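Predicted model only: the values in this text are computed from it and were never measured.
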Amino acid sequence: QVQLVESGGGLVQAGGSLRLSCAGIISIATVDWYHQAPGKQRELVAAITGDEDTKYVDSAKGRFIISRGNAKNTVYLQMNSLKSEDTGVYYCHTKWIGRDYWGQGTQVTVSS
């Protein structure tokens, strides 16, 4: 059983930074971070494979960095130069043996 636990959200001023954590991952599985803005659908932000290949949506490129911790059971999302449109709930996701797993989400609020 995979249990994902996110942390690190909070309130930050525009231009500030936050680092989100997702613990409980499988070290060789791809892990994604999704963002759900208020009243909108959940959207992919960044992903990292077991080989540490990464991809980002255009809005995250140059501002966000997805990485794995040294112990490989945690994935981080470093978010810099935050904007008001980054506000919302951030979820980590992974798929393992054909099943999708989601964390409970962590709230990020960016004040302008």
* **Set of residues satisfying side chain to side chain contact (heavy atoms under 4.5 Å, CB included) with respect to Val108, sequence neighbours excluded** =>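 For Val108, the residues satisfying side chain to side chain contact (heavy atoms under 4.5 Å, CB included) (neighbours in sequence not counted) are Leu18, Leu20, Met79, Tyr90, Val110.
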* All side chain to side chain contact (heavy atoms under 4.5 Å, CB included) counterparts of Ile28, not counting sequence neighbours -> Ile26, Trp96
* Asked: Closest approach of Ala29 and Thr94, non-hydrogen atoms and distance?
  ->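 Heavy atoms of Ala29 and Thr94 come nearest at CB-OG1, 3.5 Å.
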Enumerate, atom names and distances included, each donor-acceptor pair closer than 3.5 Å involving a side-chain atom of residues 59-67, sequence neighbours excluded.
| from | atom 1 | to | atom 2 | distance (Å) |
| --- | --- | --- | --- | --- |
| Lys61 | NZ | Asp58 | OD1 | 3.1 |
| Arg63 | NE | Ser59 | O | 3.1 |
| Arg63 | NH1 | Ser81 | O | 3.0 |
| Arg63 | NH1 | Asp86 | OD2 | 2.8 |
| Arg63 | NH2 | Ser59 | O | 2.9 |
| Arg63 | NH2 | Asp86 | OD1 | 3.1 |

* To do: For the pair Tyr91 and Gln36, evaluate side-chain contact (heavy atoms from CB on, under 4.5 Å) and give the outcome as yes or no after the intermediate values.
  => CA-CA 8 Å; Tyr91 298 89; Gln36 187 164 21; 3.6 Å; yes
Please tabulate, for the side chains in residues 40-48, all donor-acceptor contacts under 3.5 angstrom to protein atoms that are two or more places apart in sequence or on a different chain.
none

* When rounded to the nearest 0.5 angstrom, what is the spacing between CZ in Arg68 and OG1 in Thr54? -> 11.0 Å
* Asked: Between Gln107 (side chain) and Gly10 (backbone), is there a donor-acceptor pair under 3.5 Å?
  ->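 No, because the side chain of Gln107 does not come within donor-acceptor range (under 3.5 Å) of the backbone of Gly10.
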* Asked: Can you list the steps and then say if Trp33 with Val75 is a side-chain contact (heavy atoms from CB on, under 4.5 Å)?
  -> CA-CA 9 Å; Trp33 280 100; Val75 165; 3.6 Å; yes
* Asked: Are there more than 12 heavy atoms of other residues, nucleotides or ligands under 6.0 Å from atom CD of Gln3?
  -> no
* According to the ring-ring contact (aromatic ring centres under 6.0 Å, His included) rule, which pairs have a member within residues 3-32, sequence neighbours left out? ->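 Those involving residues 3-32 do not exist here.
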* Structure fact -> Residue pairs meeting side-chain hydrogen bond (donor to acceptor under 3.5 Å, both in side chains), one or both in residues 14-29, sequence neighbours left out, come to Ser17-Asn80
